[in-house]
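Input: a single structure, listed below in structure tokens.
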Protein chains: 2
Amino acid sequence: MGASKLINYTEEQILVAKYAKALSHPARMAIMQLLLAKQSCICGDIVDELPLSQSTVSQHLKELKEAGLVRGQIDGVSICYCINEPEWAKLTDLLGHFFEKRHVKTSSCC
Amino acid sequence: MGASKLINYTEEQILVAKYAKALSHPARMAIMQLLLAKQSCICGDIVDELPLSQSTVSQHLKELKEAGLVRGQIDGVSICYCINEPEWAKLTDLLGHFFEKRHVKTSSCC
DNA sequence: TTTATTAATCGTAATTTTACGATTGATTTA
DNA sequence: TAAATCAATCGTAAAATTACGATTAATAAA
């Protein structure tokens, strides 16, 4: 009965960390807010709104896509980006649960 | 007139990104969950619960402290860690607002 | 006072992230 | 078909992150 040493992290910890990492850069936050507000947006417009080069924005978009938060669809010469709604709902649920108002029963030690 | 190019990110984007970054590693998520569940915890016990060396855990704790999410207090030879409640409330509000259920008026483009 | 315990910091190496310009590939327009 | 447009990818450099063992500093116990 000593303290059992966790060998691995929980699925929840890994998943939340993954989402948090996707949102851990102001540029990616800005992209997400843009898409959440605008419903959809072509890549060029996103580049125009950010103080970064086209290739750098493309890299950030790739990270958001890889985290599953964003989807892109060809629209002529352009690519139209939008929120991946089911995944976003999943993230909302997960974080909503994690960040819900907590009850501090007693004052903490510090 | 043409699209105005953002020179900087908003305060909200920078702040949320900062919090997200603090939570963007499974070890730091594990620490936060531990403290949220236990109210407080001495450093050694956190080390015991994680599959990492003492120095690495200390580094993660430092990052959480620097993000303002966690506070530590000397307790004899040990250090007692706990959630920084006011800051956590701030984060909860901010993220709660950001991750609140959104209304998708029309189907997205992709 | 000496020894033991606890956690922060130092030094270091490997990996990842961030950013850019240049190039490529795909599609649309002339 | 040729030229133009748009966004992904490549190549690269600089910086940050992650991890560890070793050392240090501070307190407690012997």
Side-chain angles (χ1 to χ4, degrees), chain A residues 2-3 5-9 13-14 17-32 34-35 40-67 70-82 109-110, chain B residues 2-3 5-9 13-14 17-32 34-35 40-67 70-82 109-110:
Chain A
K5 184 114 178 162
L6 269 196
I7 297 307
N8 285 310
Y9 302 110
Q13 284 159 2
I14 292 167
K18 188 190 81 168
Y19 287 141
K21 188 169 190 178
L23 300 176
S24 73
H25 192 288
R28 293 193 290 273
M29 279 298 304
I31 292 171
M32 290 303 290
L34 213 65
L35 295 182
S40 75
C41 195
I42 66 166
C43 178
D45 293 341
I46 300 174
V47 173
D48 288 341
E49 293 290 334
L50 295 182
L52 296 170
S53 73
Q54 181 263 318
S55 61
T56 301
V57 172
S58 198
Q59 226 171 277
H60 283 303
L61 282 167
K62 189 181 179 185
E63 286 182 71
L64 289 172
K65 265 189 292 180
E66 280 171 358
V70 145
R71 291 162 36 76
Q73 187 168 281
I74 297 170
D75 175 24
V77 196
S78 310
I79 312 270
C80 173
Y81 279 98
C82 67
C109 74
C110 43
Chain B
K5 185 113 179 163
L6 268 197
I7 298 305
N8 286 309
Y9 303 110
Q13 284 158 3
I14 291 168
K18 188 189 80 169
Y19 288 141
K21 188 169 190 177
L23 301 176
S24 72
H25 192 289
R28 292 193 292 271
M29 279 297 305
I31 292 171
M32 290 303 289
L34 214 64
L35 296 183
S40 76
C41 195
I42 66 166
C43 179
D45 293 341
I46 301 174
V47 172
D48 287 342
E49 292 290 334
L50 295 182
L52 295 170
S53 74
Q54 181 263 317
S55 60
T56 302
V57 171
S58 197
Q59 226 171 278
H60 283 302
L61 281 167
K62 190 181 179 187
E63 285 182 71
L64 290 172
K65 265 189 293 179
E66 280 171 357
V70 147
R71 293 162 35 75
Q73 187 168 279
I74 298 170
D75 175 24
V77 197
S78 309
I79 312 272
C80 173
Y81 279 98
C82 67
C109 73
C110 42

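Here is how names work: the chains are called A, B, and so on, in the same order as the sequence lines, proteins then strands, and each is numbered from 1. We use all heavy atoms of the structure for the numbers below, so side chains are in, but hydrogens, waters and symmetry mates are not.
For Leu52(A), counting side-chain heavy atoms from C-beta on, the closest listed nucleotide (dA7(D), dA19(C), dA19(D)) is dA19(C). With dC6(D), dA7(C), dA28(D) as the candidates, the nucleotide lying closest to the side chain of Ser78(B) is dA7(C).
Mapped onto DNA chain D by nearest heavy atom, Lys21(A) and Gly44(A) fall at different nucleotides, with Gly44(A) at the one closer to the 5' end. The nearest heavy atom of DNA chain C to Gln54(A) and to Ser24(A) marks one nucleotide each, and the one closer to the 5' end goes with Ser24(A).
Across the protein-nucleic acid pair, His25(A) atom NE2 and dT16(C) atom C1' stand 13 Å apart, rounded to whole Å. Rounded to a whole Å, the CD atom of Glu66(A) is 10 Å from the P atom of dT17(C). Regarding Met29(A), its CE atom lies at a distance of 14 Å from the P atom of dT18(C), rounded to whole Å. Whole-Å rounding puts the Asp75(A) CG to dA8(D) C1' distance at 17 Å. Atom CG of Leu64(B) is separated from atom P of dT18(D) by 11 Å (rounded to the nearest Å). Between the CD1 atom of Ile42(B) and the P atom of dT5(C) there is a distance of 14 Å, rounded to whole Å. When the C1' atom of dT5(C) is taken as reference, atom CD1 of Ile74(B) falls 15 Å away, rounded to whole Å. What separates NZ of Lys62(B) from P of dA8(C) is a distance of 10 Å, to the nearest Å.
Applying the 4.0 Å criterion to OP1 and OP2 of dT17(D), one finds that His60(B) has every side-chain N and O outside that range. Regarding contacts with the backbone of dT6(C), every side-chain N or O of Tyr81(B) stays at 4.0 angstrom or more from both OP1 and OP2. Put simply, Thr56(A) has a side-chain N or O that comes within less than 4.0 Å of OP1 or OP2 on dC20(C). Phosphate contact (OP1/OP2 of dA8(D), side-chain N/O of Ser58(A), threshold under 4.0 Å): present.
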Step-by-step side-chain contact (heavy atoms from CB on, under 4.5 Å) determination, Val70(A) to Met32(A):
CA-CA 8 Å; Val70(A) 145; Met32(A) 290 303 290; 3.8 Å; yes

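When heavy atoms are screened at a 4.0 angstrom cut-off, Ser55(B) is found touching base atoms of the nucleic acid.
Taking 3.5 Å as the limit, the base of dA8(D) and the side chain of Gln59(A) contain no donor-acceptor pair of atoms between them.
The shortest distance between side-chain heavy atoms of Gln54(B) and Ser58(B) falls below 4.5 Å. With contacts defined as side-chain heavy-atom distances shorter than 4.5 Å, the pair His60(A)/Leu52(A) qualifies.
Ring pair His25(A)/Tyr9(B) is perpendicular by interplanar angle, where above 60° counts as perpendicular and below 30° as parallel.
The heavy-atom pair separating Thr56(A) from Ser53(A) by the smallest distance is OG1-OG, 3.0 Å.
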